[in-house]
Amino acid sequence: MTRAELEHAIRAACDVARTTDVIVIGSQAILGTHPDAPPRLRQSMEVDMVFPGRPDLADRVEGALGEDSMFHHTHAFYVQGLTLEAPGPILPPGWEERLVAVQNANTRQCTGRCLEPHDLAASKLAAFRPKDLDYVRVMLAEHLITGATLLERVASLSTNEERRERLRRWIEATVKSLPSAVRADDA
């Protein structure tokens, strides 16, 4: 996915939802901060979005722009409407204040607010699926996030201590496995 495609998805979701504000919470949120993110982080053709204060809009947007929709077949990417309610994503406290705005001529009057990279990584680690671990490993290796800040965000997650400890150990082992130049940046 490209930044222009993300902007198109934001505009289309706003049009369908009749709103001016959406939140991008999935992997493509990285394009909010890093428009030229490494290709390995832009492989997904799915843009996960939530609609502040309007969880009812998720189904409407998914119906019009979701997988196998005419939009998907036309543009080769799609929007998945989600909610923050359980079993939604696990996000660190304060994530709303760190959202990165994407608003320009391509999004028209709509603003897409993308998760800040460390919040995105913490959420992906909380899911702990192999594809999410690979995604966070690339974020660390490419200097898009630091292990120190990621450790802080993971420590604040609303989950049990055993799970936070497992994530802490994974982060520390992953940072140690990276080339020394990457580890030096993370000190």
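Just so it is clear, the structure is predicted and the values come from calculations on it, not from any experiment.
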To the nearest 0.5 Å, how far apart are [atom1] in [X] and [atom2] in [Y]?
| X | Y | atom1 | atom2 | answer |
| --- | --- | --- | --- | --- |
| T83 | E85 | OG1 | CD | 4.5 Å |
| E67 | E62 | CD | CD | 8.5 Å |
| I90 | L157 | CD1 | CG | 7.0 Å |
| T19 | Q109 | OG1 | CD | 12.5 Å |
| D15 | C110 | CG | SG | 7.5 Å |
| L125 | R137 | CG | CZ | 10.0 Å |

So, does [X] use its side chain to make a donor-acceptor pair with the main chain of [Y] at under 3.5 Å?
| X | Y | value |
| --- | --- | --- |
| R3 | L31 | yes |
| E142 | L144 | no |
| Y135 | K124 | no |
| H73 | D68 | yes |
| S156 | R153 | yes |
| R113 | V24 | no |
| S123 | D119 | no |
| Q103 | R108 | yes |

Using 4.0 Å as the upper bound for N to carboxylate O, is an ion pair formed by [Y] and [X]?
| X | Y | value |
| --- | --- | --- |
| E172 | R168 | yes |
| E7 | R11 | no |
| R164 | E161 | yes |
| R129 | D132 | yes |

Specify the closest pair of heavy atoms between [X] and [Y], including all atoms of both residues, with the distance to one decimal.
| X | Y | result |
| --- | --- | --- |
| L41 | Q28 | O-NE2, 3.2 Å |
| L140 | T146 | CD2-C, 3.9 Å |
| P93 | R98 | O-NH2, 3.0 Å |
| T20 | C14 | C-SG, 4.0 Å |
| Y78 | L65 | CB-O, 3.2 Å |
| V136 | W170 | CG1-CZ3, 3.8 Å |

Quick one: do the T174 and S177 side chains pair a donor with an acceptor below 3.5 Å?
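No.
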Between [Y] and [X], is there a side-chain heavy-atom distance shorter than 4.5 Å?
| X | Y | answer |
| --- | --- | --- |
| L150 | V154 | yes |
| L82 | M49 | no |
| Q80 | V47 | no |
| I30 | C114 | no |
| L84 | P55 | no |

Applying side chain to side chain contact (heavy atoms under 4.5 Å, CB included) to L120 and E116, what does each step give before you reach the verdict?
CA-CA 6 Å; L120 174 61; E116 182 275 337; over 6 Å; no
Same cluster or not: I25 versus V100, using hydrophobic residues (I, L, V, M, F, W, Y) connected whenever any side-chain heavy atoms lie under 4.5 Å apart?
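Per the 4.5 Å side-chain linkage, I25 and V100 are not co-clustered.
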Tell me whether L167 is reachable from M139 by hopping between hydrophobic residues (I, L, V, M, F, W, Y) whose side-chain heavy atoms are closer than 4.5 Å.
yes
Ring-face cation contact, F128 with R166, 6.0 Å cut, 45° max
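Positive - R166 is close enough to the ring of F128 and near enough to its axis.
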Over 12 foreign heavy atoms within 6.0 Å of CG, D59
no
Got a sec, which residues hit ring pair (Phe, Tyr, Trp, His ring centres under 6.0 Å) with H75, two or more places apart in sequence or on another chain?
H8, F71, F77
Might you work through the side chain to side chain contact (heavy atoms under 4.5 Å, CB included) test for E96 and L91, ending with a clear yes or no?
CA-CA 9 Å; E96 295 104 333; L91 294 163; over 6 Å; no
Side chain to side chain contact (heavy atoms under 4.5 Å, CB included), paired with I10, selected from V22, T111, N106
V22
